[in-house]
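See below for the structure under consideration.
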Amino acid sequence: MQKIILDVDTGIDDALAILYAMGDEQAEVIGITTTYGNIDLNEATQNTLDILQLINTADIPVYKGSLHSLSDEKYIRREVTSRIHGKNGIGDIQIEISAYKPEKETAVDYLIEAALKYGKELKIVCVGPLTNLAHAYKKNPEAFLQIEEIVIMGGALTVPGNVTSFAEANIIEDAVAAKTIFESNLPLKIVGLDVTMRTILTQKETEEWWKYNTNHSQAIAEMTDYYFKSYKEQLGFDGCALHDPLAVGIALYPELAETLAIDLTVELKGPAKGRTIGNYEKLNQKNPSTEVCIQIDHTKFLSFFMEAIEKVLN
Ligand code: BDR
Ligand code: CA
């Protein structure tokens, strides 16, 4: 089993990533840290607690993280994100509000503590803006050099962005944090739009979910239907990209992805703000610390994903 911490801005695909991680027997989720992004921090934290309670896994500790980006320039995408993820971030489904509360310890301190405690046994999977990780890294860089890997859903190297032609959402939301992390020597695996836009879930797959006929299966199917509707309206697309679940999948099954070893940086200014691109300064350095996923066995991942979700829905 792989120990993982999920860093989420719970949104619909973040919720699907949590559900997937709970259902895959290779995953041992030791904690979840939350951040602003698809929705404000408080709502992202509440959504996380509510999703965990919905599937009776409320014993997983949740740690509240950052309210805003490092530069606090308040890059606001909320109008867009609410069209994609709904006003409440989880497709406007109404589920029971969890009585559980987040832990007292902050996400930043928890990330440092867990990195020091688990070292090589630990992978951190970040599927929101990189603010929590950047704060934690700045506070204790050594701690994160010890861990096995940081898997990041973010960026686009070989395809255009999804917020601008250059920038992907999690990166542009806090480009300074992303640059801090990308230019570090931490062991990074980047799961960007290069592979997530090839990993599409369709209504054909989720038809089965409705049939379970339990409260939680109906809620999850309804939430995912909202995501299908958003993709159709915003992109004219049949199906939705499994951005955040794929990052979990690659953390658990690295063999699913073909990677390119190249150190990256992030543009901070101009029309290309938020772009993830090769770092000239490190171009000739041996042994890059970053691997970018450029191809994916999406069929295999989809079968893992469906199996895990069905287990959770049953
Ligand atoms: C990323 O942005 C968010 O909207 C999703 O949850 C995902 O993490 C995709 O660009
Ligand atoms: Ca996310």
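We count ligands from 1, going down the list as the structure has it; atoms in each ligand are counted the same way.
- Of all N, O or S atoms in Asp244, the one lying closest to the Ca ion (ligand 2) is OD2.
- A donor-acceptor pair under 3.5 Å is formed between the side chain of Lys123 and the backbone N or O of Ala251.
- Taking only nitrogen or oxygen atoms, main chain and side chain alike, His243 does not reach within less than 3.5 Å of ligand 1.
- With a 4.0 Å heavy-atom cut-off, ligand 1 is reached by the side chain of Asn162 but not by its N, CA, C or O.
- With hydrogens and angles left out, the side-chain atoms of Glu205 and Thr202 include a donor and acceptor closer than 3.5 Å.
- Atom numbering of ligand 1 starts at 1 in the shown order; those under 4.0 Å from a heavy atom of Glu168 are 1 (C), 2 (O), 9 (C), 10 (O).
- Between the side chain of His216 and the backbone N or O of Ile51 there is no donor-acceptor pair closer than 3.5 Å.
- Heavy-atom separations between His85 and ligand 1 include at least one value shorter than 4.0 Å.
- Side-chain contact annotation: Thr131 with Tyr36, donor-acceptor N/O pair under 3.5 Å present.
- If you put the vertex on the Ca ion (ligand 2), O of Val127 and OD1 of Asp14 sit 140° apart, to the nearest 10°.
- Atom OD1 is the N/O/S atom of Asp9 found closest to the Ca ion (ligand 2).
- Annotation: cation-pi pair Lys229/Tyr226 present, NZ/CZ under 6.0 Å from the ring centroid and within 45° of its normal.
- Below 3.5 Å of separation, one finds no N or O of Tyr227 facing any N or O of ligand 1.
- Using a cut-off of 3.0 Å, one finds that Gly37 contributes no N/O/S atom close to the Ca ion (ligand 2).
- Looking at heavy atoms from C-beta onward, Glu142 lies in side-chain contact with Asn140 at the 4.5 angstrom threshold.
- Residue-ligand proximity, Met153 to ligand 1, at heavy-atom distances under 4.0 Å covers atoms 1 (C), 7 (C), 8 (O), 9 (C).
- Note: Phe301 and Tyr20 have perpendicular aromatic rings, judged against thresholds of 30 and 60 degrees for the angle between ring planes.
- Side-chain N/O atoms of Asn38 and Asp14 include a donor and acceptor closer than 3.5 Å.
- By heavy-atom distance, the residue among Asp13, Asp244, Asn38, Asp9 lying nearest atom 4 (O) of ligand 1 is Asn38.
- Contact between Ile172 and Lys273 at its shortest, heavy atoms only, is CD1-O, 3.5 Å.
- The shortest N/O to N/O separation between Val127 and ligand 1 falls below 3.5 Å.
- At a 4.0 Å heavy-atom cut-off, ligand 1 touches Asp14 through the side chain alone.
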